[in-house]
Amino acid sequence: MRGFSSVRMIAVMLKEFVQMRRDRLTFGMIIGIPVLQLLLFGFAINNDPKGLPTAVQVRDESVYVRSLLKAIENTGYFVFTAQVHSEREAALLLDQGRVSFVITVPEDFSRRLMRGERPQVLVEADASDPSASVNAIAALSRLEMTALSHDLKGALAPASPSGAPIELRIQRRYNPEGISAYNIVPDLLGVILTMTMILITGLSVTRETERGTMENLLAMPLTPAEVMLGKIVPYVLIGYIQVAFTLLGARFVFHVPMLGSMWLLALALALFIAANLSVGFTFSTLARNQLQAMQMTFFFFLPSILLSGFMFPFRGMPGWAQSIGEILPLTHFLRAVRGILLKGNGWVEVWPHLWPLLIFLTLVSTLALSRYRRTLD
Amino acid sequence: MTALAIDARGLCKSFAGRVAVSNAAIQMPRGEVWGFLGPNGSGKTTTVRMLCGLLKPDAGEGACLGHDILTQTDAIKRETGYMTQKFSFWEDLSIRENLDFVARLYDMDNRRARVGKAIENLGLGHRQHQLAGMLSGGCKQRMALAACILHDPKLLLLDEPTAGVDPQARREFWEEIHRLSEQGLTVLVATHYMDEAERCDRIVYIAHGKMIARGTVGEVIAASHLVTRIAEGEGARHLAAEIGGKPGVEHAAFFGAALHISGQDGGALDAALAPIAGNPACGGARRNRALRMYSSI
């Protein structure tokens, strides 16, 4: 009896296959996860984002300026999406995250260029996500030498061949030293909440089903909204405790700047936590046991961290991946939290990131409530 | 106030094409104790769940305590106590916490006092802070009953309340049911056990999703037209296989040490038993017991 029996081993093997076939969701995960990862990493993820939206503020219309802008655009990293006419307008676009760069050409650019005075062009970069802008900035610095080489010939040729005819002054806004902790620690707030909030609600409802206590709950006079809110509110509080720990760590361990209003952050957090809890609640109405609820959470978590701009620059992804990313609450929350903490964004700049959360929350809660079965059918 | 606690007709329910209950009807007066008898999978639980609003019938109509079972399930839930087959209270809450939770859900006034009284009635005062999961089967079941009647329901639906409970606890449980019944509570008990059914005012017998007999225990037995002979003694143990297939014998099974042999035709039954009549193991005819119906139907 002690020896190894292939018959017994095969018996176990066959039983495993039968059980695998019964558990469709696990089987789906086994097939689905590699496909999902392949698609996301292969097609959607791009560490070298190009075509970043750029605003230009041109105070000097000349052939040189046109050549310079052409050269900048030709690097492929920049797409001019807006013409601005004032510093305020430019700052607003950067604050809202609508553009990643603002290029300002001063009015005396051509004059000083011809005098060989090495005029400056100001490039303000949104460095709240350093990885998104680093390659673009590197490409810019090469342009100082080459951008105008066709236009500056003969008498206009630079006095010394080694000196560049222009200077591109790069100003990294919001995170001048490019410290990645500044960007990652606030982001982690969103990632931690996504993971724990969805999982914890998913489990808390499926646990009732799995242990048979759901039948008892249903037999008593409880409405779905009462169950849903009663299940969600405790975890909102847990969420805030997690936030408090993360923020304390961010402030005192990593010295992350916190420029904006904490009240605004609390509001964004409330919406974001509620959105995640509603996802968890929806999963719990779909899952038949706690394991399935966990698997669904993972299935949601994976695109959330990959497509939201947390791991990889959002603007580096192709259009279809960005559209998926725009659906995910984490995407909008990351924009809001970076805006509030690093850019000191106020209500006006943050609102564009909040209403998508509000819509998501409304839709998913409605789905959850309609899916919640009041009977055992 | 209608005189009937339960008044349902034509209840049907299928799960994924499999019929669980078809055309069930119950007209149960208030204040009685009814037994709902049938083997596993006969549709008892499904019927009870339809009555208290936990399942939506595919067809049929009815009222529970005067409330429509299709549209007024909230009202039914407030006035009904339903004890599930499997222990369905929270094992990680203490006895008191469980009862407290239930009391809050029914929005009871005087909650603290009523929960305290319920625990006292249970005789679990000294164990009220113990987790429900740590209780013995009998204690769990008593706690579940206490929780189900905490809100003073008018109708109590019990789904196999004594499964897995020892005989002593079963007896006490039934004493409690009768006490509650005397206070005016209407009780419908789904059960496998004939001795429990015999303690009911009436029984409804269900098999394969169909209700096939109803009435007092005596009426149901008479309607089954079964005659039973009982074989007892040392040799009885070996008789079952020998007698089983003979003409006239529809069913032979042991109850304790006695072999109960039943058939609808008394003459045929006796003829079949004649060869072994001289066997000292064979006793005389005794009264029928309806439990025999399990396999005769």
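Naming: A, B, ... by sequence-line order, numbering from 1 per chain. This one's a predicted model, so the numbers in the text were calculated from it and none came from an experiment.
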Open item on the list: Minimum heavy-atom separation for A:Pro221 and B:Tyr106, please, with both atom names.
Closed with: CD-CE2, 3.1 Å
- [ ] Check B:Ser88 against A:Gly212 and note the closest heavy-atom contact, atom names and distance.
- [x] CB-O, 3.2 Å
Task: Which portion of B:Lys86 sits near chain A, non-hydrogen atoms under 4.5 angstrom - done: side chain
Task: Check ion pair A:Glu215-B:Arg49 (N to O, under 4.0 angstrom) - done: yes
Task: Separation of A:Asn216 CG from B:Trp90 CH2 (nearest 0.5 Å) - done: 4.5 Å
Open item on the list: If you count heavy atoms of other groups shown closer than 6.0 angstrom to CE of A:Met214, is the number above 12?
Closed with: yes
Open item on the list: Is it true that, when you exclude B:Phe15 itself, more than 12 heavy atoms of the residues, nucleotides or ligands shown sit nearer than 6.0 Å to its CZ?
Closed with: yes
Task: Options B:Ile76, B:Thr84, B:Thr73, B:Thr80, ranked by heavy-atom pairs under 4.5 Å with chain A, top entry - done: B:Thr84
- [ ] For B:Met134, look at atom CE and say whether over 12 heavy atoms of other residues, nucleotides or ligands are found less than 6.0 Å away.
- [x] no
TODO: Heavy-atom distances under 4.5 Å only: say whether A:Glu226 touches chain B with side chain, backbone, both or neither.
DONE: neither
Open item on the list: To the closest 0.5 Å, what do you measure between CG (B:Asp74) and OG1 (A:Thr223)?
Closed with: 8.0 Å
- [ ] Compare every heavy atom of A:Thr213 with every heavy atom of B:Phe89, then report the nearest pair and how far apart it is.
- [x] O-CG2, 3.3 Å
TODO: Enumerate by number any residue of residues 92-103 of chain B whose heavy atoms lie under 4.5 Å from heavy atoms of chain A; in the absence of such residues, state 'none'.
DONE: B:Asp92, B:Phe101, B:Val102
TODO: Measure the spacing between NZ of B:Lys77 and CE of A:Met220 and express it to the nearest 0.5 Å.
DONE: 10.5 Å
Task: Neighbour count >12 (heavy atoms, 6.0 Å) for atom CZ, A:Arg371 - done: yes
Open item on the list: Could you check whether atom NZ of B:Lys210 has more than 12 heavy atoms from other residues, nucleotides or ligands sitting under 6.0 Å from it?
Closed with: no
Open item on the list: Are there over 12 heavy-atom neighbours, none belonging to B:Arg112, within less than 6.0 Å of that residue's CZ?
Closed with: no
Open item on the list: Does atom CH2 (A:Trp320) have a neighbourhood of more than 12 heavy atoms from anything else shown, all under 6.0 Å?
Closed with: yes
